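In what follows, a single structure is set out as structure tokens and then discussed.
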Amino acid sequence: MRIPQMVPLRGRVRSINVPRVGYRWSGAVEVSVERTEVVLLMAGTVAQWLRPGEEVVLKVLSDPKPIDGRLVLERTDYVLWRVWGGEEVLVWPPWSREFRLQRRDPLGRGVVYEYRVLAREAVTERDYLDIVQLEQYHYASKEEVVAVWRCPVCGRFAEGNVPPKCPEHGVPMKLHEIRASLPSSRFLILELVSRKEYEPRVVGYVRMDTPIPLMSRRLPDGKVERLVRERFFPKSWFHPTFWPEALAKRSELLRRYRELYSIYGSRKIARTALGEEIWEEALKWANTAAARVARVVIHPDYRGDGLGVLAVEAAVQWVAERRIPEMKKRKHIIEVIAQMARYNPFFEKAGFKYMWDTASGRPVLMYPLSEEARERIENYLKTDPLGRAHGGRLYRPRFGKVEPLATPIILEGISKEYSSELDISGMPPDLQEVLRAFGVEKRRVERFVLRDVNITIEPGDVVAVVGASGAGKTTLLRIIYGAVAGTDDPAYKPSEGVVRAPTNARASALLPGELEPVFGEETLLEHVARKVGDPATAVEILSYVGLSDAVFFRARFRELSTGQKERAKLASLLAERPNLLIIDEFTAHLDTLTATRVARKMGKILRESRITGVIATNRPEVLEALSPTKTLLVGYGTVIELRA
């Protein structure tokens, strides 16, 4: 029988088929419409929420294909709504939306670069394998495994960060579960639409779950107030949630857990196997008007550039439009419980409000999806003593502003002469013969690298120094640093002229091979915290330079890549809280995209913190992203200020 196309048809779910292996991306739902049974292929994470007997609305886009005596609609052949509470809730095709994230220069004059990102629900095996790779960036220990795998032949479990082979059948095991996620979890990935060949396909993800079953808050006197959400919001918003642990308390399940533990010798695998046996029943119960952001992970190379905020904002739209994760009740609120929200404000930038700390001391933030939720949050922040005290704000910037230079840095009549003697008498005879052929035997070379330079650097200036290699850029930087630091090293003093430096100047400098931060065996967090005197501020500084990951916090300098080392050096300099920052060959070892991102961020940091910057570079993309207030061209002994 032919099913009418493009006409919404009401029907019923007959059966659900979600395989044990690969259940997140493989699933099928059989529905009955127009007295015809048709199988709809879809992701298992969507199919598992549907139930036999419930009403659905199906729109057929292409004729079903007869396969093994059954009519089958492929993933792109139909649109499906479930009918819940008299409303039609769109459940397929999966949600997706393209976003453009423009990154403007520090002065806001133009777009330096742009991200085109497709935010969409993970629905393929490749999507979840990409998530596994990103998940490893979330964990801070090399020993921590992030995935559970299962043999497609015998069903045996194993743990690992890459697909292992079944010890019994020798076949590659299939991804079964991402550690710490729940069967109820839904994943939204950020896929780069326009990217270079070497860039990753997926640069981030958000995991959405149902609300946690119970929540308490810790009061200032140390007491714990239980069931705190129910004081300020309707109980039905958070219950019944996905809570397999409630079932796991039954004696027969405890016995089964012990049996599985004896088989596998691993509590993690035993819990995974047991969870599989009870999650179906728990999924039937879950039906809340709230959702929970369980995890946000952005690729380390793309952090600190607004993609975390974009990921959360996309997830908010996804939840509101599709009622994620259950696709049942209309959602009123989204909650997140995240200790890192104390150190990074991207949830607050996305519109979340800080509410309270849990009994274990982790902050809870909420986002209203309805007017009623907004009013209830505002009422809490106005009437509750704790809410009134913080006003919904958790993150407080710690680095802040430095004391700016009190006066300009003035270079008056600066000249720097270098002289050297060429003498070949100490060289081997055969090499002397070669040099004599070129007329080289003994010679004194004297030249001006800088001659009669007069420039003024105002407090708060961001000065770019450009010029050919050997033109004198580094010499100019040395003289400025030498005047501020008061060094007696002749290399840092002019041959003639005077540098008038502010009396309150505190300079930090990066001149490769001469002045560089010294990193020992301490971790990056230890290094920066020791300098700045506060661990929270150290986290903020590391985030400034794009090292906002616990893996990097724990890493030692020698363990970093070349590009990461460059950013670690910048963090070390900022930790000294200078009001004058001098950097030679800025971003020299970074690729074009990373250099542009770091330069733009540095330009913002300098201006927001009132740090005067003098930075040498010849890279046009860095100059554009840095947006200098002055550009000095150095060459043939002269220093000329280029006009925009």
Side-chain angles (χ1 to χ4, degrees), residues 132-144 146 161-162 196 198-200 202-204 297-305 307-308 340 343-344 399 508-532 534-578 581-602 604-605 615-617 619 621-622 625-626:
V132 168
Q133 293 302 308
L134 283 171
E135 184 74 0
Q136 293 181 71
Y137 293 120
H138 184 273
Y139 285 89
S141 170
K142 294 179 181 178
E143 290 74 34
E144 183 69 49
V146 302
N161 292 337
V162 294
K196 304 294 184 182
Y198 56 83
E199 289 190 280
V202 176
V203 294
V297 178
I298 303 297
H299 191 289
D301 290 344
Y302 295 82
R303 291 183 180 172
D305 211 21
L307 285 173
M340 55 76 60
Y343 309 105
N344 193 311
F399 187 80
S508 292
L510 176 59
L511 305 180
E514 298 179 33
L515 297 174
E516 296 190 59
V518 177
F519 295 88
E521 284 300 298
E522 60 188 351
T523 65
L524 286 192
L525 184 59
E526 288 171 329
H527 175 88
V528 177
R530 174 175 55 79
K531 279 192 166 185
V532 78
D534 174 52
T537 308
V539 170
E540 188 174 285
I541 291 171
L542 288 167
S543 298
Y544 276 161
V545 299
L547 295 175
S548 56
D549 184 273
V551 173
F552 298 138
F553 297 164
R554 292 178 48 145
R556 291 165 176 79
F557 185 76
R558 58 177 170 78
E559 297 171 335
L560 302 177
S561 69
T562 300
Q564 291 162 358
K565 286 178 178 177
E566 293 301 306
R567 283 177 275 179
K569 291 175 184 177
L570 295 178
S572 182
L573 297 182
L574 289 173
E576 296 170 2
R577 295 187 61 83
L581 189 60
I582 299 171
I583 303 177
D584 192 15
E585 295 300 334
F586 184 56
T587 70
H589 296 97
L590 301 180
D591 63 85
T592 300
L593 290 175
T594 303
T596 303
R597 290 194 289 259
V598 172
R600 174 183 167 274
K601 191 72 172 179
M602 181 58 67
K604 290 188 64 178
I605 293 168
I615 299 170
T617 182
R619 301 179 65 167
E621 72 275 10
V622 169
L626 197 62

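Everything numeric in this text was worked out from a predicted model, so none of it was measured. For the numbers below, each heavy atom of this structure counts, side chains included, while hydrogens, waters and symmetry mates do not.
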Given Val545 and Lys569, is the side-chain contact (heavy atoms from CB on, under 4.5 Å) satisfied, shown in steps?
-> CA-CA 9 Å; Val545 299; Lys569 291 175 184 177; over 6 Å; no
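- How far NZ of Lys196 is from OG1 of Thr592: 8.0 Å, rounded to the nearest 0.5 Å.
- By the 4.5 Å heavy-atom criterion applied to side chains, Asp305 and Arg600 are counted as neighbours.
- Rounding to the nearest 0.5 angstrom, the gap separating the CG atom in Asp584 from the CG atom in Leu510 is 8.0 Å.
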Output, in order, the C-alpha distance, side-chain angles, deciding distance and verdict of side-chain contact (heavy atoms from CB on, under 4.5 Å) for Arg577 and Lys531.
-> CA-CA 9 Å; Arg577 295 187 61 83; Lys531 279 192 166 185; over 6 Å; no
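- Residues Arg303 and Val297 are in side-chain contact: their nearest non-hydrogen atoms beyond the backbone lie under 4.5 Å apart.
- Annotation: the span from Asp534 atom CG to Ile541 atom CD1 amounts to 9.0 Å, rounded to 0.5 Å.
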side-chain contact (heavy atoms from CB on, under 4.5 Å) between Gln133 and Val202, intermediate numbers included | CA-CA 10 Å; Gln133 293 302 308; Val202 176; over 6 Å; no
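- Using a 4.5 Å heavy-atom cutoff, the side chains of Ile582 and Leu515 are not in contact.
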Check the pair Met602 / Leu581 against side-chain contact (heavy atoms from CB on, under 4.5 Å), numbers first and verdict last.
-> CA-CA 11 Å; Met602 181 58 67; Leu581 189 60; 4.1 Å; yes
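- Using cut-offs of 30° and 60° on the angle between ring planes, the pair Phe519 and Phe557 is parallel.
- Residue Thr596 holds its OG1 atom at 11.0 Å from CG of Leu626, rounded to the nearest 0.5 Å.
- Of the inter-residue distances, the one linking Leu134 atom CG with Ile298 atom CD1 reads 8.0 Å to the nearest 0.5 angstrom.
- Atoms CZ and CZ, on Arg556 and Arg558 in that order, are 6.0 Å from each other to the nearest 0.5 Å.
- In summary, Arg597 and Asp301 do not engage in a salt bridge, as defined by a charged side-chain N under 4.0 Å from a carboxylate O.
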